[in-house]
Amino acid sequence: MASSSSPQFEFVTLVSGDGFEFVIPRSTACISGTIRRMLEPSSKFSEALTGRCTLENISGIVLEKVCEYFCYNEKNKNQGNVPDMDIPPELCLELLMAADYLDT
């Protein structure tokens, strides 16, 4: 197996703009196209070297719900008739903006 200049991490840390940190499996985080591109070993991004993605424009409460969605999606990806996640109405707009930014 050829060695890469960038290490591969089993878990990654997602950091919100207000400093909250969430550690989730890399495969789960890579549901997001943005995060997947940040972590690609061939990329020149520092996130590929550190396994730590800082998302300055996403608050901790929104990032927590995003991580919950990533895990919910990963857990239920091969199942039918999966119930919708509970989303507080006051977070809907911010979650839509985060989903667009994260390419989710």
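The first residue in the sequence is number 1, and the count goes up from there. Everything numeric in this text was worked out from a predicted model, so none of it was measured.
Summarising the local packing, CD of Q79 is surrounded by more than 12 heavy atoms from other residues, nucleotides or ligands at distances under 6.0 Å. In this structure, I61 places its CD1 atom where only 12 or fewer heavy-atom neighbours from other residues, nucleotides or ligands lie under 6.0 Å away.
Using a 4.5 Å cut-off between side-chain heavy atoms of Ile, Leu, Val, Met, Phe, Trp and Tyr, with links allowed through other members, M97 and L91 fall into different hydrophobic clusters.
Between E68 and K65 there is a salt bridge, since a side-chain N of the basic residue sits under 4.0 Å from a carboxylate O of the acidic one. A salt bridge does not link D103 to R36: none of the charged nitrogens lies less than 4.0 Å from a carboxylate oxygen.
N76 places a side-chain N or O within 3.5 Å of a backbone atom of Y72 that can act as its donor or acceptor partner. Looking only at distances, no side-chain donor or acceptor of T54 sits under 3.5 Å from a matching main-chain atom of E56.
One finds the CZ atom of F70 at 8.0 Å from the CG atom of L63 (value rounded to the nearest 0.5 Å). In this structure, SG on C53 lies 5.0 Å from CD on E47, to the nearest 0.5 angstrom. Taken from NZ in K77 to CD1 in I31, the straight-line distance is 7.5 Å, to the nearest 0.5 Å.
Closest of all the heavy-atom pairs between D18 and S59 is OD1-C, 3.7 Å. Residues V23 and F11 share a closest heavy-atom pair of CG1-CB, 3.9 Å. Listed here is the closest heavy atom pair of A48 and E40: CB-O, 3.4 Å. In terms of heavy-atom proximity, L102 sits nearest to S32 at O-OG, 2.5 Å. Taking both residues in full, the closest heavy atoms of G60 and F20 are given as CA-CD1, 3.9 Å, listed atom of the first, atom of the second, then distance. When all heavy atoms are compared, the tightest approach of T28 to C71 is CG2-N, 3.7 Å.
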Evaluation steps, side-chain contact (heavy atoms from CB on, under 4.5 Å), between F22 and V66
CA-CA 10 Å; F22 302 90; V66 167; over 6 Å; no

Go through L55 and S16 one step at a time and tell me if the side-chain contact (heavy atoms from CB on, under 4.5 Å) criterion holds.
CA-CA 5 Å; L55 305 163; S16 69; over 6 Å; no

For a side-chain contact (heavy atoms from CB on, under 4.5 Å) check, start with the C-alpha distance between L14 and C67, then their side-chain angles and the critical distance, and finish with the verdict.
CA-CA 9 Å; L14 305 180; C67 291; 3.8 Å; yes

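Side-chain contact between V15 and T13: present, with at least one pair of heavy atoms (C-beta onward) separated by less than 4.5 Å. The side-chain heavy atoms of Y69 and I87, taken from C-beta on, include no pair separated by under 4.5 Å.
When each of C30, P25, S27 is tested with E74 by the rule side-chain contact (heavy atoms from CB on, under 4.5 Å), just one qualifies, namely S27.
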